[in-house]
2 protein chains.
Amino acid sequence: MNAGRTARERARAELTEEIKGAARRQLATVGAEALSLRAVSRELGMVSSALYRYFPSRDELLTALIIDAYDALGSAAERAAGGDDLLAEWVAIYAAVRDWARAHPQEYALIYGSPISGYKAPQTTVEPAIRVPLLLLGLLQRAQVGGRLAVPTDAPVPTGLLAQQTEVLVPLAPDLPPAVLMRTVIVWTQLFGMISFELFGQLVGSMDPADEFFESTSRQMAAFVGLT
Amino acid sequence: MNAGRTARERARAELTEEIKGAARRQLATVGAEALSLRAVSRELGMVSSALYRYFPSRDELLTALIIDAYDALGSAAERAAGGDDLLAEWVAIYAAVRDWARAHPQEYALIYGSPISGYKAPQTTVEPAIRVPLLLLGLLQRAQVGGRLAVPTDAPVPTGLLAQQTEVLVPLAPDLPPAVLMRTVIVWTQLFGMISFELFGQLVGSMDPADEFFESTSRQMAAFVGLT
DNA sequence: CAGAATCGAGAGCAGTGCTCTTGACAGTGA
DNA sequence: TCACTGTCAAGAGCACTGCTCTCGATTCTG
């Protein structure tokens with residue numbers, strides 16, 4: 001895949017990756033807010049100004065790391081998917097997301113923590129960001145056609161929400177009824193709320209360690225969304 | 001309440017509050033990571049080094065702001081509580097928490113966003129931090145004694161979780177059955193996960209604006225936890 | 001092969017958190 | 001009332017940051 005490129009282009013691509021790697025390493029140890037371009041350049045043995053040839057600003061470097069983090073998390077979740085037992089698959093996706101987050105807390109904080117002030121997420125981040133919810137929707141869709149989805153009937157979806165769903169959610173999972181779509185969003189927010197609480201220390205003193213709580217919750221949320 | 005204090009003590013208390021006020025104003029505009037001691041001191045017309053007489057470090061100032069934020073959020077939620085209709089009260093608490101978060105996004109990010117690197121939350125923050133979940137537990141407790149709580153029976157609580165609950169959760173709400181305690185934690189994580197998603201831009205494109213989604217979810221979560 | 005594009009190096013600017021010293025002031029016991 | 005003690009704001013200074021600009025060298029391209 002590197003054929004037809006000049007030596008300069010190959011060197012540039014390689015160095016760009018090296019910079020991201022060094023930045024990721026630094027991110028893991030000192031955190032996003034303390035990520036320093038000068039420290040990255042020092043680790044690579046180059047001068048800080050040279051780094052600006054590859055990333056026009058610190059924010060651009062962070063954006064690259066954000067996209068990579070979304071992709072890494074999405075890949076980890078997708079690796080956990082598959083198999084014939086839908087409920088086991090659901091629980092496995094939950095576990096994979098949590099495991100990745102615990103293994104890469106600073107990268108998780110980068111994508112699900114406080115937004116960087118003055119930083120506006122470009123449209124490029126949207127696609128990798130929705131891989132996990134898309135995975136859940138896909139699983140539920142498969143459950144629906146397989147008759148393993150019990151559609152909740154106790155709470156009708158308000159008309160305003162129906163309109164919002166039609167715009168973006170329905171195209172992603174056309175077979176799922178509105179009540180399930182609604183609950184999928186709830187479950188999605190719960191999943192990352194729970195992981196954030198565990199990682200950011202909010203659970204300390206109540207449900208920490210959270211292993212059992214997490215596994216049990218993943219099953220309760222499966223039931224909540226109608227997966228039997 | 002200021003009686004018996006020397007002029008120096010009064011001046012010190014006043015200036016401490018002024019510093020926090022200026023810091024809060026700056027926090028609201030530039031965010032936590034960009035909060036600068038020098039900018040705060042400039043706004044107050046003093047020299048930056050003088051500020052260290054009141055807060056030994058930037059982290060200490062942030063800690064003070066964190067505690068104040070927890071307290072402000074807790075107070076806002078508690079103001080929404082009360083009344084005779086428990087379900088309406090539940091929904092009102094949800095709305096109050098969301099309203100406060102939307103009115104003070106940077107302060108919210110300070111307490112529920114990514115933790116500040118190298119910063120360890122002191123024990124002092126725990127008490128103001130649990131005011132909201134305590135409020136929900138208290139409401140459910142009142143529902144329980146009033147016979148308005150339908151205890152979920154479909155999913156038994158694992159023994160390991162029972163042990164964890166006994167240690168901290170049960171003393172806070174001795175009358176509530178384990179299944180309700182478990183679901184209260186789930187609901188708690190969902191609430192703040194949902195608010196974080198809205199504030200941090202994760203909902204953009206799906207459920208934004210989130211007014212209807214939020215209100216509807218608050219009712220579904222009430223039902224989930226057994227409140228009728 | 002000459003011109004254009006790109007590269008890393010280095011100096012420099014404005015800003016940061018934080019420390020240390022200095023001189024002025026308030027509070028207190030004799 | 002006076003002297004002592006602790007506290008105060010001020011200022012200089014250190015090591016660091018993101019970022020810009022210029023310069024000479026290297027690499028690609030017509």
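In what follows, chains are A, B, ... by sequence order, proteins preceding strands, each numbered from 1.
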Check: Rounded to the nearest Å, what distance is computed from the CD atom of residue Glu9(B) to the C1' atom of nucleotide dG27(C)?
Finding: 10 Å
Item checked: Distance, rounded to the nearest Å, where Met46(A) contributes CE and dG10(C) contributes C1' -> 14 Å
Notebook entry, point to check: According to the interplanar angle, ranging from 0 to 90°, do the rings of Tyr112(A) and Phe192(A) count as parallel (below 30°), tilted (30 to 60°) or perpendicular (above 60°)?
Noted result: parallel
Check: Could one point to a donor on the side chain of Arg38(B) or the base of dG15(C) with an acceptor on the other under 3.5 Å away?
Finding: no
Notebook entry, point to check: Reckon Leu35(A) touches a base, only the sugar-phosphate, or nothing at all at heavy-atom distances under 4.0 Å?
Noted result: sugar-phosphate
Notebook entry, point to check: Considering residues at least two apart in sequence or located in another chain, which fulfil the ring pair (Phe, Tyr, Trp, His ring centres under 6.0 Å) criterion with Phe213(B)?
Noted result: none
Next item on the list: Specify the residue among Tyr52(A) and Val47(B) whose closest nucleotide of DNA chain D lies further upstream toward the 5′ end.
Entry: Val47(B)
Notebook entry, point to check: Counting any heavy atom closer than 4.0 Å, what does Leu15(B) reach on the DNA or RNA strands: base, sugar-phosphate only, or nothing?
Noted result: sugar-phosphate
Note to self: Less than 4.0 angstrom from a charged side-chain N to a carboxylate O is my criterion; do Arg219(B) and Glu215(B) meet it?
What the structure shows: yes
Next item on the list: Specify the separation, in whole Å, of atom CD of Glu33(A) and atom C1' of dG17(C).
Entry: 13 Å
Check: Reckon Leu51(A) touches a base, only the sugar-phosphate, or nothing at all at heavy-atom distances under 4.0 Å?
Finding: nothing
Next item on the list: Using atom OH of Tyr54(A) as one end and atom P of dT6(C) as the other, report the distance to the nearest whole Å.
Entry: 12 Å
Note to self: On the side chain of Ser49(B), is there an atom forming a donor-acceptor pair with the base of dA9(D) - under 3.5 Å, no angle test?
What the structure shows: no
Check: Please give, in whole Å, the distance from dC7(C) C1' to Arg8(A) CZ?
Finding: 6 Å
Margin query: Distance alone, cut at 3.5 Å: any donor-acceptor contact between the side chains of Tyr108(A) and Ser196(A)?
Written below: yes
Item checked: Whole-Å gap separating C1' (dC8(D)) and CD (Glu18(B)) -> 15 Å
Checklist line | Side-chain donor-acceptor pair present, Ser36(B), Arg42(B), cut-off under 3.5 Å | finding: no
Next item on the list: Using only side-chain N and O atoms of Ser48(B), determine if any of them is under 4.0 Å from OP1 or OP2 of dC18(C).
Entry: no
Check: Quick one: Arg10(B) CZ to dT7(D) C1', roughly how many Å, whole number?
Finding: 16 Å
Notebook entry, point to check: For Pro56(A) and Gly45(B), take the nucleotide of DNA chain D holding the closest heavy atom to each; which residue's nucleotide lies nearer the 5' end?
Noted result: Gly45(B)
Next item on the list: Kindly say whether, by distance alone, the side chain of Arg53(A) makes a donor-acceptor pair under 3.5 Å with the base of dT6(C)?
Entry: no
Margin query: Need one value for Ala7(A): base, sugar-phosphate or nothing, where a base atom within 4.0 Å counts as base even if backbone is also close, heavy atoms only.
Written below: sugar-phosphate
Item checked: Rounded distance in Å - CD (Glu14(A)) to C1' (dC7(C)) -> 16 Å
Next item on the list: Ignoring backbone atoms, establish whether Arg42(B) has a side-chain N or O less than 4.0 Å from OP1 or OP2 of dT16(C).
Entry: yes
